[in-house]
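Take a look at the structure below.
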Amino acid sequence: MILYFIKSKSNLYRLILIVNSLFFSIILPAQTIDSTAYSKYTFIKPTLNRIENDTNKMQSFYQKLYQLSQTKRGKISIVHIGDSHLQADIFSGSVRQKMQLKFGNAGRGLIFPYRVAKSNEPSSYRTTSNISWDSKRNVFLDKPLPIGISGFTIESPDTSATINIIIKDQPRLGYGFTKFTLYHDKGSSNYDITICDEYKCEQGVFKSDTLSTNPFMSTLKFNVPIRQFILNNKSSDSLNQKTTRIYGMLLENDSAGILYNMIGVNGAEYRHYNMSKYFMQQLPSLNPDLVIVSLGTNESFSTGFNKEDFAKNIDTLITHIQQVSPNTAILITTPPDSYILAHKKRIKNSNLKIVRAIIINYCNQHSIAYWDWYEIMGGYGTMMKWYQMQLAQKDKVHFTAKGYQIQGDLLYRALIEGYENYVKIIQQH
């Protein structure tokens, strides 16, 4: 167990949530769930389940979906950024599954070896290593490692270090991949990296001194889809090569369809992504057609919560996304209701009402699309009802697997409703 010095009561609340998130892990395969499975939960408000402000860039996203559905050609990239509500990939995994079943499966998308970084990992893949890697997630600002596309970074100076990755298929979706992209540091001080298949046969080598159009990316293509591979450190210059630093991995296939890239970090806030050194530099490489931002829970747990700072942090993140990827549609989701620990008991978290209002006000002022999950799930105090129906965990912050699957189905349905409304309009003209 790692202990951190607590400087204030504000940090104590945040630490409690982060520690809870460290051990928060629901490992279940993705399942298809729809409204017939949760219509009995009367506190959910399906009449509110829609994308608000879905004009401008969202219309262009819907147009891309329509073209994909008609031509069966090309790929659409969705990037979903969030906190511990995302890292286990049940909420986002549910949306991925449904989007890919409807529009096509272009691959598993962005992954990170969370388990190697000593954190909880999605159930759709498994990573292991023969050694202990140094790691950092973006919430720990004092650690020296820079942060890239995944919100996590791992590093090792060990020339014998390996990472074994096994990708699992999901119901009606195969995740074998034919294109592998590694996000890592290059240059003379970095080890080369060999890529081997499950039989330990070398398939390629990423030379650290190889120049490319992107200083953080190396790509390898396979003749047939694979589901297991091994990364190995390889020293070709013992005098200069000292380390391997990895930011993420992108898995794609040769099919048209959706790439749904999840970026989730336990305990993360808007400001943590803003302060991630290489995050914005690497984000455009995912070619996002839609970026979904699901943050705000962790900010609400601070007793020193500052409305002005929160609004500025939202604006900084969204502005930076628009600068590096100007043609990307952006969708912000409000965080769910939750309870906060105070005087050894859990009480309703009133800060979330303020967080929701600030997000919606920002979206209205800047014509940004938003999905009001806070109200759709039932609003203030409703997390207790979710808990009583075994849809939320004991902390009344995180959901159970079924709760996240319901959330995923509702977001998917809101997106599809917006898309279908768009299709009706263009077909009338």
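What you see is a predicted model; the values in this text were computed from it and never measured.
- Taking CG of N313 as the reference point, atom CG of N306 lies at 9.5 Å (rounded to 0.5 Å).
- No donor-acceptor pair under 3.5 Å is formed between the side chain of T159 and the backbone N or O of S235.
- In the model, D158 has a side-chain atom that pairs as donor or acceptor with a side-chain atom of S160 under 3.5 Å.
- For the residue pair Y175 / N105, no side-chain donor-acceptor distance below 3.5 Å is found, with atom types taken as modelled.
- Checked by atom type and distance alone, the side chain of S276 pairs as donor or acceptor with a backbone atom of H272 at under 3.5 Å.
- With hydrogens and angles ignored, the 3.5 Å screen pairs a side-chain donor or acceptor of N49 with a backbone N or O of L410.
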**Q.** Derivation and outcome, side chain to side chain donor-acceptor pair (under 3.5 Å), residues T194 and N232
**A.** CA-CA 5 Å; T194 66; N232 304 278; 3.2 Å; yes
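- Checked by atom type, the side-chain pair Y404/H398 shows no donor-acceptor distance below 3.5 Å.
- Looking only at distances, no side-chain donor or acceptor of N349 sits under 3.5 Å from a matching main-chain atom of Y339.
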**Q.** Residue pair T328, F61: steps toward the side chain to side chain contact (heavy atoms under 4.5 Å, CB included) verdict
**A.** CA-CA 8 Å; T328 297; F61 172 70; over 6 Å; no
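- Ion pairing of E155 with K136 is absent here, as no side-chain N (NZ or NE/NH1/NH2) approaches a carboxylate O to less than 4.0 Å.
- Summarising the geometry of D237 relative to N240, their closest heavy-atom pair is OD2-ND2, 2.9 Å, with the distance given to 0.1 Å.
- In plain terms, the two heavy atoms of S294 and H80 that are nearest each other are OG-NE2, 2.8 Å.
- For L415 against L290, the heavy-atom pair with the smallest separation is CD2-CD2, 4.4 Å.
- The shortest distance between side-chain heavy atoms of V205 and K207 falls below 4.5 Å.
- When side chains are defined from C-beta on, H85 counts as touching P336, because their heavy atoms get closer than 4.5 Å.
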**Q.** Verdict with supporting geometry, V79 and I292, side chain to side chain contact (heavy atoms under 4.5 Å, CB included)
**A.** CA-CA 6 Å; V79 176; I292 305 172; over 6 Å; no
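- None of F216, Y183, F112, F152 except one satisfies the ring pair (Phe, Tyr, Trp, His ring centres under 6.0 Å) rule with Y247; the exception is F216.
- A distance below 6.0 Å separates the ring centres of F177 and F229.
- Listed for the S119 side chain is no donor-acceptor partner under 3.5 Å among the backbone atoms of R115.
- A cation-pi arrangement, defined by a distance under 6.0 Å to the six-membered ring centre and an angle within 45 degrees of its axis, is present between K396 and Y387.
- With a 6.0 Å radius and a threshold of 12 heavy atoms from other residues, nucleotides or ligands, Q427 has its CD atom above the threshold.
- The distance from atom CD1 of I258 to atom NZ of K98, rounded to the nearest 0.5 Å, is 14.5 Å.
- N120 places no side-chain N or O within donor-acceptor distance of the main-chain N or O of Q87, the cut-off being under 3.5 Å.
- For the pair L250 and L286, the minimum side-chain heavy-atom distance is below 4.5 Å.
- A donor-acceptor pair shorter than 3.5 Å can be found between the side chains of H184 and S218.
- Of the N and O atoms on the side chains of S77 and N261, at least one donor lies less than 3.5 Å from an acceptor on the other residue.
- Residues N233 and T244 bring a donor and an acceptor atom of their side chains to less than 3.5 Å of each other.
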Q. Going through the distances and angles, do N298 and E269 end up as a side chain to side chain donor-acceptor pair (under 3.5 Å)?
A. CA-CA 6 Å; N298 292 294; E269 304 174 12; over 6 Å; no
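- The pair K186-D192 fails the salt-bridge criterion, with no side-chain N (NZ, NE, NH1 or NH2) lying under 4.0 Å from an Asp/Glu carboxylate O.
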Q: With salt bridge (Lys or Arg N to Asp or Glu O under 4.0 Å) as the test, would you mind laying out the steps for R50 and D372 before giving the verdict?
A: CA-CA 8 Å; R50 57 183 173 270; D372 193 4; over 6 Å; no
Q: Please test D134 against S156 for side chain to side chain contact (heavy atoms under 4.5 Å, CB included), starting from the C-alpha separation and ending with a verdict.
A: CA-CA 6 Å; D134 189 21; S156 176; over 6 Å; no
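- Of the possible donor and acceptor atoms, one in the side chain of S129 sits under 3.5 Å from a partner among the backbone N and O of T162.
- Looking only at atom types and distance, the side chain of D54 has a donor-acceptor partner in the side chain of Y62 under 3.5 Å away.
- When all heavy atoms are compared, the tightest approach of G148 to T153 is N-OG1, 3.9 Å.
- Side-chain contact check for S255 and K75: no donor-acceptor pair (N or O, by modelled atom type) lies under 3.5 Å.
- Here L391 contributes atom CG and M383 contributes atom CE; the two are 9.5 Å apart, rounded to the nearest 0.5 Å.
- Taking the charged nitrogens against the carboxylate oxygens, E121 and R126 have no contact shorter than 4.0 Å, which rules out a salt bridge.
- Aromatic pair F310/F305: ring centres closer than 6.0 Å.
- Counting heavy-atom neighbours within 6.0 Å of K234 NZ, excluding the residue itself, gives a total of 12 or less.
- L231 places a side-chain heavy atom less than 4.5 Å from the side chain of I165.
- In terms of heavy-atom proximity, P335 sits nearest to T297 at CB-OG1, 3.5 Å.
- Between M58 and I51 the shortest heavy-atom distance is CE-CG2, 4.4 Å.
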(Q) For T181 and T219: C-alpha separation, side-chain torsions, deciding distance, then whether side chain to side chain donor-acceptor pair (under 3.5 Å) applies. (A) CA-CA 4 Å; T181 300; T219 299; 3.2 Å; yes
**Q.** Audit row: L145, R245, side chain to side chain contact (heavy atoms under 4.5 Å, CB included) steps and yes/no
**A.** CA-CA 9 Å; L145 288 177; R245 182 180 292 166; 3.7 Å; yes
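- In this structure, F103 has its ring center under 6.0 Å from that of Y419.
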Q) D337 and R356: salt bridge (Lys or Arg N to Asp or Glu O under 4.0 Å), yes or no, with the steps? A) CA-CA 10 Å; D337 179 56; R356 171 186 176 269; over 6 Å; no
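- Taken to the nearest 0.5 Å, the CD1 atom of I406 stands 13.0 Å off from the CD1 atom of I376.
- Between the side chain of S285 and the backbone N or O of Q282, at least one donor-acceptor pair lies under 3.5 Å.
- The closest side-chain donor-acceptor pair between Q63 and Q59, if any, does not fall under 3.5 angstrom.
- With no hydrogens or angles considered, a side-chain donor-acceptor pair links N364 and N53 at under 3.5 Å.
- In this structure, T71 contributes its side chain and Q67 its backbone to a donor-acceptor pair below 3.5 Å.
- Remark: side-chain polar atoms of S60 are paired, donor with acceptor, to backbone N or O of K57 under 3.5 angstrom.
- Expressed to the nearest 0.5 Å, how far CD1 of I368 lies from CD1 of I330 amounts to 5.0 Å.
- Put simply, OG on S325 and CG on N287 are 7.5 Å apart, with the number rounded to the nearest 0.5 Å.
- Here D309 does not pair with R271 in a salt bridge; the nearest charged N to carboxylate O distance is not below 4.0 Å.
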